[in-house]
Amino acid sequence: MEPLRHDDPPWAGSHVLLGRLDADSERAVPVRRFVARSADGDRDLLVSLPRPDADPARWAVEAEGARRLPLPGFLPVTEVGGTAELPWCATPYVPALPLPAALRAHGGPLPEPFVRFLGAALARALATAHARGVTHAGLSPAAVLLTTDGPRASCFGAVRAAGPDGERRDGLPGLDPGCLAPEQAAGGRPRPLGDVYALGAVLAYAATGHTVPERDEIPVPLRSPVTACLARDPATRPQAHQVLALLEPNTRWEPVAGPRPQGVHPATVLDGADGPGPLPALVVAALARQAARVLAAELPAPAPGHPAPGSLHPSALD
């Protein structure tokens with residue numbers, strides 16, 4: 001948990017902001033994320049606000065969409081609120097490290113077996129969303145949160161919030177250019193195969209430390225799925241459920257229509273990828289330190305003559 005900056009609001013609704021989830025050095029984060037506590041002190045939360053350079057109306061639409069579309073493997077949005085100028089959304093707090101913070105805690109790229117596990121979990125989440133007609137449109141290293149309950153995809157709709165269809169999105173603040181599929185950078189409507197491109201960039205980052213590595217930098221066991229995801233032509237990329245097959249041991253991807261039939265392959269440890277995974281020890285230690293800091297944090301006393309938390313943002317978006 002990072003200290004609040006001078007330009008951060010002190011609260012979101014009745015939730016008092018305790019600290020930032022992301023370091024100031026992270027420039028490709030599409031939202032401002034905070035650890036917060038309810039005013040009565042009973043609940044801790046993860047609260048997201050739009051960046052100062054974002055369109056709050058577009059951001060609020062995506063926050064409400066995430067609230068209405070709870071999906072396995074996605075960070076759930078349980079509350080939305082705020083004003084037209086400063087909307088916010090929140091979810092119950094669990095110790096969570098954005099993927100860049102996890103690499104810093106680990107001291108470099110993550111072990112190949114964990115990257116494979118991470119990819120399987122994210123591919124499974126995306127495949128479930130795509131089967132329901134939902135495109136995440138915001139996957140990036142900063143959007144992936146590692147928790148003791150498994151990886152979670154956050155920042156739902158960041159590409160849609162950043163700019164409307166038909167307008168170029170490359171160079172827009174908050175979007176990681178290495179994760180933006182070429183067709184989306186050009187202004188195309190976000191579609192499932194754009195999520196697959198972003199997944200490949202996320203796995204490249206986890207395995208090498210950056211989203212646009214040379215092919216030889218990628219560990220050999222991961223080269224096939226990562227390079228397949230990063231194909232510039234979306235028609236040649238695998239679908240999310242096919243990426244999952246690539247990441248499972250003893251399977252090979254072949255273009256097929258529809259989801260992979262259940263029970264075709266023997267059960268493996270990755271079949272439980274929705275649950276807790278084999279987090280590297282230094283990442284577990286960083287999660288424990290964060291949890292301890294949150295538990296020890298005290299609510300700041302309101303300044304004399306200032307309104308109580310929540311009185312600046314009384315209106316709800318729904």
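Side chains are part of it too, since the values below use all heavy atoms of this structure and drop only hydrogens, waters and symmetry mates.
Between the side chain of Arg169 and the backbone N or O of Gln184, at least one donor-acceptor pair lies under 3.5 Å. No donor-acceptor pair closer than 3.5 Å links the side chain of Arg37 to the backbone N or O of Val16. A donor-acceptor contact shorter than 3.5 Å links the side chain of Arg152 to the backbone of Asp149. Listed for the Asp195 side chain is a donor-acceptor partner under 3.5 Å among the backbone atoms of Ala137. Remark: side-chain polar atoms of Gln242 are paired, donor with acceptor, to backbone N or O of Gln239 under 3.5 angstrom. Looking at Arg168, its side chain never comes within 3.5 Å of a backbone N or O of Gly163 through a donor-acceptor pair. Listed for the Arg32 side chain is a donor-acceptor partner under 3.5 Å among the backbone atoms of Pro50.
Leu222 and Ala207 get closest at one heavy-atom pair: CD1-CB, 4.0 Å. Contact between Ala96 and Leu46 at its shortest, heavy atoms only, is CB-CD1, 4.4 Å. Nearest heavy atoms, Cys179 versus Leu139: CB-O, 3.7 Å. Of all non-hydrogen atoms in Gly209 and Pro109, the two that sit nearest each other are N-CG, 4.0 Å. Nearest heavy-atom pair, Ala102 versus Val283, reported as atom, atom and distance to 0.1 Å: O-CG2, 3.8 Å. When all heavy atoms are compared, the tightest approach of Cys229 to Arg237 is O-CD, 3.3 Å.
A 4.5 Å side-chain heavy-atom check between Leu18 and Tyr93 finds every atom pair outside the cut-off. Thr135 is not listed as a side-chain neighbour of Val159, based on a closest heavy-atom distance of 4.5 Å or more. Residues Val196 and Leu126 fail the side-chain proximity criterion, which asks for heavy atoms closer than 4.5 Å. Annotation: side chain of Asp165 is in contact with side chain of Pro190 (closest heavy-atom distance under 4.5 Å). Put simply, the side chain of Tyr197 reaches to within 4.5 Å of the side chain of Leu230, judged on heavy atoms. Two residues are said to be in side-chain contact when any heavy atoms from C-beta on lie closer than 4.5 Å; Thr147 and Leu287 fail this criterion. With contacts defined as side-chain heavy-atom distances shorter than 4.5 Å, the pair Pro9/Leu49 qualifies. The shortest side-chain heavy-atom distance between Trp59 and Pro30 does not fall under the 4.5 Å cut-off.
Residues Leu86 and Phe34 fall within the same hydrophobic cluster, defined by Ile, Leu, Val, Met, Phe, Trp and Tyr side chains chained together at heavy-atom separations under 4.5 Å. The hydrophobic clustering, which links ILVMFWY residues whose side-chain heavy atoms are closer than 4.5 Å, places Val94 and Leu17 apart. Follow the hydrophobic side-chain contacts under 4.5 Å out from Val294 and you reach Leu21 in the same cluster. Under a hydrophobic clustering in which Ile, Leu, Val, Met, Phe, Trp and Tyr are joined whenever their side-chain heavy atoms come within less than 4.5 Å, directly or via other members, Leu45 and Leu4 fall into the same cluster. Transitive grouping of hydrophobic side chains (ILVMFWY, heavy atoms separated by less than 4.5 Å) keeps Trp88 and Val61 in distinct clusters.
Note that CG of Leu282 is 6.5 Å distant from NE2 of His106, once rounded to the nearest 0.5 Å. Distance check, rounded to the nearest 0.5 Å: CG of Leu172 to CG of Asp55 gives 11.5 Å. Annotation: the span from Leu69 atom CG to Phe156 atom CZ amounts to 5.5 Å, rounded to 0.5 Å. Interatomic distance, SG of Cys155 versus NE2 of His136, reported as 7.0 Å (0.5 Å rounding). With rounding to the nearest 0.5 angstrom, the CG atom of Leu146 is 5.5 Å from the CG atom of Leu99. Once rounded to the nearest 0.5 Å, the distance linking OG1 of Thr211 with CG of Asp176 reads 4.5 Å.
Under a 4.0 Å N-O distance rule, the pair Arg33/Asp22 qualifies as a salt bridge. Taking a cutoff of 4.0 Å between a charged side-chain nitrogen and a carboxylate oxygen, Arg58 and Glu62 do not qualify as a salt bridge. Glu2 has no carboxylate O lying under 4.0 Å from a charged side-chain N of Arg104, or vice versa, which leaves the two without a salt bridge.
Pro213 meets the side chain to side chain contact (heavy atoms under 4.5 Å, CB included) test with Ala204, Thr208, His210, Glu217, Ile218; sequence neighbours excluded.
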request  = Quick one: do Leu193 and Arg191 satisfy side-chain contact (heavy atoms from CB on, under 4.5 Å)? Show the steps, please.
outcome  = CA-CA 6 Å; Leu193 289 174; Arg191 296 183 183 277; 5.7 Å; no
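Side-chain N/O atoms of Asp40 and Ser38 include a donor and acceptor closer than 3.5 Å.
Residue-environment remark: CZ (Arg189) stays at or below the threshold of 12 foreign heavy atoms within 6.0 Å.
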List, one per line, each side-chain donor-acceptor pair under 3.5 Å for residues 71-80, sequence neighbours excluded.
| unit_1 | atom_1 | unit_2 | atom_2 | d |
| --- | --- | --- | --- | --- |
| Thr78 | OG1 | Ala90 | O | 3.2 |
| Glu79 | OE1 | His15 | NE2 | 3.0 |
| Glu79 | OE2 | Arg43 | NH1 | 3.2 |

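Results of the side-chain contact (heavy atoms from CB on, under 4.5 Å) test with Val144 over Val202, Leu199, Leu97 single out Val202 as the only residue that passes.
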